[in-house]
There are 2 protein chains.
Amino acid sequence: MSEEDLVAVNQLRSSVMRLSRRLKHQHVEQSLSPTEMSVLGTLARCGSATPGELARREHVQPPSMTRIIAMLEEKGLVRRESHPQDRRQVVVSMTEQAAEILDESRRRRNAWLAELASQLTDEEWAAVREAAPALYRLAHL
Amino acid sequence: MSEEDLVAVNQLRSSVMRLSRRLKHQHVEQSLSPTEMSVLGTLARCGSATPGELARREHVQPPSMTRIIAMLEEKGLVRRESHPQDRRQVVVSMTEQAAEILDESRRRRNAWLAELASQLTDEEWAAVREAAPALYRLAHL
DNA sequence: GATTTTTAATTAGCGAGAGTAATGACGTAA
DNA sequence: TTACGTCATTACTCTCGCTAATTAAAAATC
């Protein structure tokens, strides 16, 4: 890693932290906490999951996840079912209503970011657009 | 904005949100809450600020900010002084100790991100490095 | 097969950190 | 001087995370 690589890393970290803070304030669903939204996002990605899996992915303890799931179920946003092979486990999946909320949230945040990006020069935006797939992969490593 | 622009925006948003979550788990100072760290970061950027300004920037209510500042002062990380022209106000600035904590946090997160980025191909990393200044500007618009 | 250990989810209780309502001090305008 | 707005703070409440403990089920061991 060269010196200019390190500069780029620093700029990237700073940009990521700052942009995410600003994106977070583009509110959509006021009745859902950030963690609830995040859980729905995780469920959207992997279809269904057990409370333990969700707790690990969201970096919370299992009892906290139990409560979050209960709240989401109460709001009609997730379903809980027994695991087909293991009666200790529960399988959580999200409802169509939750999918709609996620779509709307995504749409709004994308619109905000697109508006922000329109203030870049053509060259700047071209570089960002060129790097987007690599950034996507970086985030999913 | 073309269709492929919108795809890039979506990838960028997703990457930013995901990377920031992961960066947040590279803990440094366990005795400081995320908001406390963020307040120190804000003070680092603008030198000093009133509680009201800090509350607005951090998107919390003034009483919450009063408490956060009190805790930071107790930990020796900020100083509170009367405003020179307005006796209603307080001016908050950070100590040298806080600056050291911020530096260490930044260093650790940069190291983590650099390690992650080393898993990209040369082409991918080149694109990200090329886009870093534009991303930085985007984040500060 | 019986027993022990491990795994998974849940309940109960606690505390940190956010919000709201109210208050007091200060500054400015009338 | 009075009225109003600004600023920070105090007091109280609530949300949402954690830990400790419990129960049920599955897996491992004897």
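These numbers come from the heavy atoms of this one structure, side chains and all, not from hydrogens, waters or symmetry mates.
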### Task
Nearest whole angstrom, please: distance from the C1' of C:dT10 to the CG of A:Leu54.
15 Å

### Query
Whole Å only: how far is the CD atom of B:Glu58 from the P atom of C:dA18?
10 Å

#### Entry: Per-nucleotide protein contact string for nucleotides 24-30 of chain C, where B marks a base within reach and S marks sugar-phosphate only (heavy atoms under 4.0 Å, - for neither)
--BS---

### Query
Under 4.0 angstrom, heavy atoms only, what part of the nucleic acid is A:Gln61 near: base, sugar-phosphate, or nothing?
base

### A:Arg67, nearest nucleotide to its side chain (from C:dA18, D:dC18, D:dA11)
D:dC18

### Message
Of the options D:dC16, C:dA18, C:dA8, whose atoms approach the side-chain atoms of A:Met71 most closely?
### Response
D:dC16

### Query
Under 3.5 Å, side chain of B:Ser20 to main-chain N/O of B:Val16, donor-acceptor pair present?
yes

### Query
Going by an N to O cut-off under 4.0 Å, is there a salt bridge joining B:Arg107 and B:Glu104?
yes

### Message
For B:Glu73, is there an ion pair with B:Arg79 - N to carboxylate O distance below 4.0 angstrom?
### Response
no

### Message
At less than 4.0 Å, is any side-chain N or O atom of A:Thr50 found next to OP1 or OP2 of C:dA8? Yes or no.
### Response
no

#### Entry: Main-chain N/O of A:Thr121 paired with A:Glu124 side-chain donor or acceptor, under 3.5 Å
yes

## Note on the structure
Heavy-atom nearest nucleotide on DNA chain D taken for B:Pro63 and for A:Thr35; more 5' hit belongs to B:Pro63

### Task
Rounded off to whole Å, could you give me the CE-to-P distance for the B:Met65 and C:dT20 pair?
15 Å

### Query
Are A:Ser64 and D:dC16 close enough that a side-chain N or O sits under 4.0 Å from OP1 or OP2?
no

### Query
Can you tell me how far C1' of C:dG17 sits from NZ of B:Lys75, to the nearest Å?
11 Å

### Message
I want to check something: taking the side chain as every heavy atom from C-beta on, are A:Leu40 and A:Val78 in contact at a cut-off of under 4.5 Å?
### Response
yes

### Message
I need the CD-P distance between A:Gln89 and C:dA9, as an integer number of Å.
### Response
5 Å

#### Entry: Selected nucleotide, minimal atom distance to B:Pro51 side chain, candidates D:dA8, C:dA18, D:dG17
D:dA8

### Task
Just call it for A:His83: base, sugar-phosphate, or nothing, with non-hydrogen atoms closer than 4.0 Å on any strand.
nothing

### Query
Does B:Leu135 reach the side chain of A:Leu135, with side-chain heavy atoms less than 4.5 Å apart?
yes

### Message
As a quick check of understanding, evaluate side-chain contact (heavy atoms from CB on, under 4.5 Å) for B:Leu12 and A:Asn110, giving each step before the final call.
### Response
CA-CA 9 Å; B:Leu12 179 60; A:Asn110 280 349; over 6 Å; no

### Task
Rounded to the nearest angstrom, tell me the gap between atom CD1 in B:Ile69 and atom C1' in C:dA18.
15 Å

#### Entry: Nucleotide of D:dT9, C:dG17, D:dG17 approaching B:Thr66 most closely (side-chain heavy atoms)
D:dT9

### Message
Please classify the nucleic acid contact of A:Arg80 as base, sugar-phosphate, or nothing, using heavy-atom distances under 4.0 Å.
### Response
sugar-phosphate

